[in-house]
Amino acid sequence: MKVVIVGGVAGGATAAARIRRLDEQAEIVVFERSGYISYANCGLPYYIGGVIEDPEDLTLQTPESFFSRFRIHIKVHHEVTAIHSDQKTVSVKNLETGEEFEESYDKLLLSPGAKPVWPGLPGMDSDKLFTLRTVEDTFRIKEFVDEHKPKSAVMVGGGFIGLEAAENLRELGIDVTIVQRPKQLMNPFDADMASFIHSEVRKHGVKLALGYSVEGFEEKDDGINVLLKDQPAIHGDMVVLAIGVTPESQLAKDAGLALGIKGSILVNDRMETSNPDIYAVGDAVQVRHYVTGRDALIALAGPANKQGRIAADNICGGDSRYLGSQGSSVIKIFDMTAATTGINETNARKAGLDVDTVILSPMSHAGYYPGGKLMTMKVVFEKESYRLLGAQIVGYDGVDKRIDVLATAIHAGLKATDLKDLDLAYAPPYSSAKDPVNMAGFMIDNISKGLKQWHLEDAAKLPRDGSVTLLDTRTAQEYSRGHIKGFKNIPVDELRERIGEIEPGKRVYVICQSGLRSYIATRILEGYGFEAYNFAGGFRFYDAVMNDRALIETAYACGMDQ
């Protein structure tokens, strides 16, 4: 059997090695357009910032090491230009010599990946404009930074690559501005959770221009202007364009293979295309979202690796199936860690799901053990069924651990209420006896048994005419430092003695700093016959989100975020 693989990195290289492990006699040829067959794509921004010092550390395998270990023929700087499925051949061009030739196959695997979105805007030909997707892109940026010593950079796009590149440029002492059309960074997160990400990047001196539309680029004053709609241009010594990626599917399209959303390659759960002898994996393929069951594009290394393994199994006569992508991801943002899995509240509602959320601010480990740090967790679940849909966490220590537990729970089909029953490891330096994941489960279990909540979007709608009672149960000192207008302060420890100050027959909307004291207050109030609602997230959450929104709106009105 002869297998030709188009493209390396996560999907193609994984498949090649797996095929060899399953079939010692197979002839395997990999064509890679770039000069690198297997590299740490996610590590590229950290080479620019000097965290990774040796460029060879970015290369996981070389053509020589692949052949030495697996006897796989790797041909870099070779581009497959056409697929002839009726003849079972591909046309290949040697990009170094210009030579063109035909290569036959029994099975063909496409792993072309995705390419950076490159909009047709004026000024895109500037040599001060960069993208960051390949090792070559990284070297180009690194060489520019080392040679020209830029003092300022504009990052167009605030996703994973945009934030990682912004952080690494900022760590080099470069002034960085992130321009983003949506009014938030990191769209996998809900806007309220993104507020904490915004705060972290601002704290490290990165300027945010959120809600701005880029209309073009113009070289000026030895630098480059980013031209914005209805706003003054932003000037920088360099610009990195990171507004997303699009599937590299032209080869498949020209071959007549069926395509999916946004031109992606359509595959089944065996990673087979519409041609039974052609497989496809990685960022170029359409997948099923594991939570919603809907078609999706999810460009992450983990799914690509799994898909490569599954395709290899099936090429070798097996029957492996891809269950779908869940979108689990984590990112370092300066000192902060932000992670997500499943779907967020915004996308759940867009999908027509009737959802609820809990928001909590637990410590990373036992409060009495030194060094604990707060994290903010948001868990999304379906009402009535309590199906666990997704989670987002921002914080410092222990974020990755908790998101992986929640990702596993979603994959296993656990209900949100089942989180309370998970038996998780505990020692004071690492967790609490009630782990944050358990705490989320306790909260959701309370809701399933009748506890009522109110949410941030309800705050502005609450009547201030006295028809309901608005109650802040923090200390008088905390209340004096900031509170929601119209809320009366009765500290939770005084509530029983002051219960007469609350008018019977009226609903009571309760808030505290993190949600714990207000929860206790709602239980007290229920014991006295009141209908009480606990605020999801606490005043700390409310204050962070509202301050962020005010900064974004003020900045847009004034032309720049601070």
Side-chain angles (χ1 to χ4, degrees), residues 1-34 36-38 61 63 66-67 69-113 247-259 264-286 304-320 322:
M1 179 176 67
K2 181 177 180 180
V3 183
V4 169
I5 298 175
V6 181
V9 198
T14 295
R18 176 69 172 170
I19 292 169
R20 172 57 73 230
R21 291 194 293 271
L22 296 176
D23 188 343
E24 183 61 27
Q25 307 306 318
E27 181 183 355
I28 307 168
V29 182
V30 182
F31 294 110
E32 168 59 43
R33 185 169 53 191
S34 76
Y36 300 86
I37 185 62
S38 181
Q61 291 280 359
F66 240 90
F67 186 80
R69 177 65 57 85
F70 298 111
R71 296 300 187 269
I72 293 172
H73 299 282
I74 306 291
K75 297 185 178 182
V76 296
H77 294 135
H78 281 67
E79 181 176 9
V80 174
T81 57
I83 300 169
H84 312 289
S85 57
D86 54 339
Q87 304 169 34
K88 288 193 145 184
T89 63
V90 293
S91 298
V92 186
K93 182 176 183 178
N94 185 326
L95 299 178
E96 293 179 344
T97 67
E99 173 196 3
E100 298 186 22
F101 59 93
E102 301 289 304
E103 188 82 24
S104 65
Y105 66 83
D106 294 311
K107 299 290 184 180
L108 178 65
L109 174 64
L110 303 179
S111 180
E248 281 268 26
S249 58
Q250 190 63 45
L251 192 63
K253 181 179 180 181
D254 292 343
L257 299 179
L259 301 181
S264 57
I265 304 172
L266 193 64
V267 293
N268 61 18
D269 59 358
R270 288 170 47 87
M271 308 314 298
E272 295 170 335
T273 69
S274 54
N275 184 308
D277 292 319
I278 303 177
Y279 294 74
V281 299
D283 296 352
V285 306
Q286 174 182 296
N305 274 283
K306 295 179 184 70
Q307 293 161 15
R309 179 186 173 91
I310 289 167
D313 286 353
N314 295 324
I315 286 170
C316 294
D319 187 23
S320 292
Y322 187 63

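For the pair Glu79 and Lys93, the salt-bridge criterion is not met [side-chain N within less than 4.0 Å of a carboxylate O]. Under a 4.0 Å N-O distance rule, the pair Lys2/Glu103 qualifies as a salt bridge.
Using a 4.5 Å heavy-atom threshold, the side chains of Ile72 and Val30 count as touching. At least one side-chain heavy atom of Met1 sits less than 4.5 Å from a side-chain heavy atom of Ile315. A 4.5 Å side-chain heavy-atom check between Phe70 and Ile19 finds every atom pair outside the cut-off. The side-chain heavy atoms of Tyr105 and Glu27, taken from C-beta on, include no pair separated by under 4.5 Å. By the 4.5 Å heavy-atom criterion applied to side chains, Leu95 and Arg33 are counted as neighbours. Side-chain contact between Ile83 and Ile278 is present, with at least one heavy-atom pair separated by less than 4.5 Å. Residues Leu108 and Val6 form a side-chain contact, since some pair of their non-hydrogen atoms from C-beta on lies under 4.5 Å apart. Taking 4.5 Å as the limit, every side-chain heavy atom of Gln307 sits out of range of all side-chain heavy atoms of Asn305.
Between the side chains of His84 and Ser91, a donor-acceptor pair is found at a separation under 3.5 Å.
With hydrogens and angles ignored, the 3.5 Å screen pairs a side-chain donor or acceptor of Glu32 with a backbone N or O of Ser34. Not one N or O on the side chain of Thr14 forms a donor-acceptor pair closer than 3.5 Å with the backbone of Arg309. Side-chain atoms of Thr89 do not come within 3.5 Å of backbone N or O of Ser104 as any donor-acceptor pair. Put simply, the side chain of Arg71 gets close to the backbone of Phe67: a donor and an acceptor are under 3.5 Å apart.
Of all the heavy atoms in Pro63 and Val76, the pair that sits closest is CG-CG1, 3.9 Å. Closest heavy-atom contact between Ser320 and Ile310: O-CG2, 3.5 Å. Residues Ala13 and Phe66 share a closest heavy-atom pair of O-CZ, 3.7 Å. The minimum heavy-atom distance linking Ile28 with Arg20 is given by the pair CD1-N, 3.8 Å. The minimum heavy-atom distance between Leu251 and Val80, with the atom names listed, is CD1-O, 3.6 Å. Taking both residues in full, the closest heavy atoms of His78 and Lys75 are given as CB-O, 3.5 Å, listed atom of the first, atom of the second, then distance.
Taking SG of Cys316 as the reference point, atom CG of Asp23 lies at 5.5 Å (rounded to 0.5 Å). In this structure, Ile265 CD1 and Ser111 OG are separated by 9.0 Å, a value rounded to the nearest 0.5 Å.
The number of heavy-atom neighbours closer than 6.0 Å to CZ of Arg21, taken from other residues, nucleotides and ligands shown, is above 12.
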Take Val285 and Ser264 through the test side-chain contact (heavy atoms from CB on, under 4.5 Å) and record every step on the way to the result. CA-CA 5 Å; Val285 306; Ser264 57; 5.9 Å; no
Run the numbers on Tyr279 and Asn314 for side-chain contact (heavy atoms from CB on, under 4.5 Å), then give the verdict. CA-CA 9 Å; Tyr279 294 74; Asn314 295 324; 3.9 Å; yes
From CA spacing to verdict: side-chain contact (heavy atoms from CB on, under 4.5 Å), Ile5, Val3: CA-CA 6 Å; Ile5 298 175; Val3 183; 4.1 Å; yes
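Sorted by first then second residue, the salt bridge (Lys or Arg N to Asp or Glu O under 4.0 Å) pairs that include residues 265-280, not counting sequence neighbours, are Lys88-Asp277, Lys107-Asp277, Asp269-Arg321, Arg270-Glu272, Arg270-Asp319.
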